[in-house]
Participant: 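Please read through the structure below; I'll follow up with questions.
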Number of protein chains: 2
Amino acid sequence: MAAPRTRTRIQAKNSEAILEAALDVFSQYGFRGATLDQIAEVAGLSKPNLLYYFPSKEAIHVTLLSGLMDTWLDPLRALHHDGEPVEEILDYVRRKLEMSRLYPRESRLFANEILQGAPRILDQIEGELKALVDDKAALIRAWIAEGRLAPVDPYHLMFSIWATTQHYADFDIQVHRVLGQEGDAPFAEAERFLTQMYRAALTPAR
Amino acid sequence: MAAPRTRTRIQAKNSEAILEAALDVFSQYGFRGATLDQIAEVAGLSKPNLLYYFPSKEAIHVTLLSGLMDTWLDPLRALHHDGEPVEEILDYVRRKLEMSRLYPRESRLFANEILQGAPRILDQIEGELKALVDDKAALIRAWIAEGRLAPVDPYHLMFSIWATTQHYADFDIQVHRVLGQEGDAPFAEAERFLTQMYRAALTPAR
DNA sequence: TGATTGTTTGACCAAATGGTCAGCGGCACG
DNA sequence: CGTGCCGCTGACCATTTGGTCAAACAATCA
């Protein structure tokens, strides 16, 4: 829709390069802070050429966000009702943390957008996202009713998982500076900590 | 330093109005996305008048951030070594959550700055913040050594507290839309959830 | 080869943006 | 009451920004 249908190789290559560059720039400066010139430079294209592939700055941004939401929800979709509840949720935490490690720019793009009031993805939040969350909240409530999970508010449980895992992508600079570490070390530590915390909080008393 | 020394009443009033307006605008759009015209309009002053009180856009931003860091660390400073460790930390969580509820703009301003690489507060992060965190981490380690707290990584514990509490300010729109609620209701629920979660995770096995 | 379609760009534009400045008005105080 | 400083503003400026367009250039295929 926003991008021309990817027919030729050139189109495929350049559209990809633009989105890749835009992800870099938007995720760092937010929508209003990013400029087409920056994106063009990172993409190795001229500004008019960008606008040959996308009708506007906003179209690039929207394309990125839409394409992203789907991927972003995958870890939650994979929360299945078979399996041990506590371990299922711990797996979800690990998948979500892995997303932060592998796709920090995507996480920041999201954070930026929501910080600014989510003007371009409110629909998806109230639609897809809410529907999926409601669905999984019901699953969690069922587990709790069966006594297989400590009684916790499923919505705030999910919020806390989002917050703690995305923190390592979004606040990456702070984490590294406070720890005085570099690279992926914090992620390994975070996995241990979060596993331990959520296991303690979710294991039902017996 | 950045603002002229507040001598007269007019200066006090206008400097305050400018910072208040700037907090509004910067916290919503980030530094690059905010404009002086916007700030001036919100403050009810003319743009040249803004620049009579502050030498530049950046000076306003820096003034806000510097003044903020101190307040922001207060809840952590209040973590005392006397008292029951688990309850001390739960109090800290509640204070931090209360900050998010009362000062969401401040939280977003911070989030925006860190998302963008914290160019203007890296020093304070590596200085004040790190020093305070190191100090409190030692306190937590001592509690653990005494067997009064479950053995957890103190740094990642603090990260998780920051993440979960600030989430309710920074991702406020998402929280409200997913819950289908308005107002402060999510904060009351969050307090219950976080208290429960951290109590479970921090209470030592016996 | 030539015609057609797809791709790229330099030059340009209007609007917005951060910032300047000369001067005007008003408040305070001797 | 006058004079001097504080507060304020309209007009202005250079630069940046999103976006346009005609024309040049490349790829493809009959």
Side-chain angles (χ1 to χ4, degrees), chain A residues 1-65 112-113 116 119-120, chain B residues 1-65 112-113 116 119-120:
Chain A
M1 39 156 225
R5 302 271 179 85
T6 302
R7 297 184 197 281
T8 73
R9 290 162 199 176
I10 294 179
Q11 278 179 19
K13 201 189 68 181
N14 284 348
S15 292
E16 190 47 44
I18 291 169
L19 290 175
E20 174 69 17
L23 179 57
D24 253 37
V25 179
F26 280 136
S27 69
Q28 196 174 355
Y29 298 105
F31 180 73
R32 288 184 54 173
T35 75
L36 286 178
D37 293 274
Q38 266 181 297
I39 299 172
E41 198 190 326
V42 174
L45 298 172
S46 67
K47 185 171 62 170
N49 207 4
L50 283 203
L51 294 162
Y52 171 73
Y53 289 99
F54 293 87
S56 68
K57 181 186 178 183
E58 178 150 358
I60 301 177
H61 197 234
V62 168
T63 301
L64 272 180
L65 285 172
N112 255 311
E113 182 68 7
Q116 302 183 5
R120 279 163 266 271
Chain B
M1 36 156 226
R5 302 274 180 86
T6 301
R7 298 186 196 279
T8 74
R9 313 218 171 124
I10 294 180
Q11 277 180 19
K13 201 188 69 179
N14 284 348
S15 292
E16 189 47 46
I18 292 169
L19 290 175
E20 174 69 19
L23 179 57
D24 253 36
V25 178
F26 280 136
S27 69
Q28 196 173 357
Y29 298 105
F31 180 72
R32 288 184 55 173
T35 74
L36 285 179
D37 293 273
Q38 266 181 295
I39 299 173
E41 198 191 326
V42 174
L45 298 172
S46 68
K47 185 171 62 170
N49 206 5
L50 283 203
L51 294 163
Y52 172 73
Y53 289 99
F54 292 88
S56 69
K57 182 185 177 183
E58 179 150 358
I60 301 177
H61 198 234
V62 168
T63 302
L64 273 180
L65 285 173
N112 254 311
E113 182 68 8
Q116 301 183 6
R120 278 164 266 271

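As the structure is a prediction and not an experimental result, all values here were calculated from the model. In the text below, chain A, chain B and the rest are named by the order of the sequence lines, each starting its count at 1.
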Participant: Can you tell me how far C1' of D/dG19 sits from CD of A/Glu58, to the nearest Å?
Facilitator: 14 Å
Participant: Which whole-number value in Å describes the distance from B/Ile18 CD1 to C/dG18 P?
Facilitator: 14 Å
Participant: Which pair of heavy atoms, one from A/Ile60 and one from A/Leu36, lies closest together, and at what distance?
Facilitator: CD1-CD2, 4.3 Å
Participant: Under the rule for salt bridge (Lys or Arg N to Asp or Glu O under 4.0 Å), what residues qualify as partners of B/Arg120, not counting sequence neighbours?
Facilitator: B/Glu58, B/Glu113
Participant: Please list all pairs passing the side chain to side chain donor-acceptor pair (under 3.5 Å) test where one or both residues lie in residues 39-50 of chain A, with sequence neighbours left out.
Facilitator: none
Participant: Once you round to the nearest 0.5 Å, how far does CG of A/Leu50 lie from NZ of A/Lys57?
Facilitator: 11.5 Å
Participant: Has A/Gln11 got a side-chain N or O lying under 4.0 Å from the OP1 or OP2 atom of C/dG6?
Facilitator: no
Participant: May I ask you to evaluate whether A/Tyr52 reaches the phosphate of C/dT8, defined as a side-chain N or O under 4.0 Å from OP1 or OP2?
Facilitator: no
Participant: Got a sec? Which of residues 24-41 of chain B come in under 4.0 Å of DNA chain D, heavy atoms?
Facilitator: none
Participant: Please report, rounded to the nearest Å, how far the P atom of C/dC27 is from the NZ atom of B/Lys13.
Facilitator: 12 Å
Participant: Taking distance alone, no hydrogens or angles, what donor-acceptor pairs closer than 3.5 Å link side-chain atoms of residues 20-31 of chain A to residues at least two apart or in another chain?
Facilitator:
from    : atom 1 : to       : atom 2 : distance (Å)
A/Glu20 : OE2    : A/Arg105 : NH1    : 2.9
A/Glu20 : OE2    : A/Arg105 : NH2    : 3.1
A/Asp24 : OD1    : A/Arg105 : NH1    : 2.5
A/Ser27 : OG     : A/Leu23  : O      : 2.7
A/Ser27 : OG     : A/Asp24  : O      : 3.1

Participant: So, for B/Ile18 and B/Ile39, which heavy atoms are closest and what is the spacing to 0.1 Å?
Facilitator: O-CG2, 4.1 Å
Participant: Could you grab the distance from atom NE2 of A/His61 to atom CZ of A/Arg32, nearest 0.5 Å is fine?
Facilitator: 12.5 Å
Participant: If you take all heavy atoms of B/Ala43 and B/Ala17, which pair is closest and at what distance?
Facilitator: CB-O, 3.8 Å
Participant: Polar atoms only, N or O, under 3.5 Å: list the protein pairs with nucleotides 25-30 of chain D and their distances.
Facilitator:
none

Participant: Shortest non-hydrogen contact from B/Tyr53 to B/Ser15?
Facilitator: CD2-OG, 3.9 Å
Participant: Measure from NE2 on B/His61 to P on C/dG18 and round the result to the nearest Å.
Facilitator: 13 Å
Participant: Taking DNA chain C as the partner, which of residues 42-51 of chain A come within under 4.0 angstrom of it by heavy atom?
Facilitator: A/Ser46, A/Pro48, A/Asn49
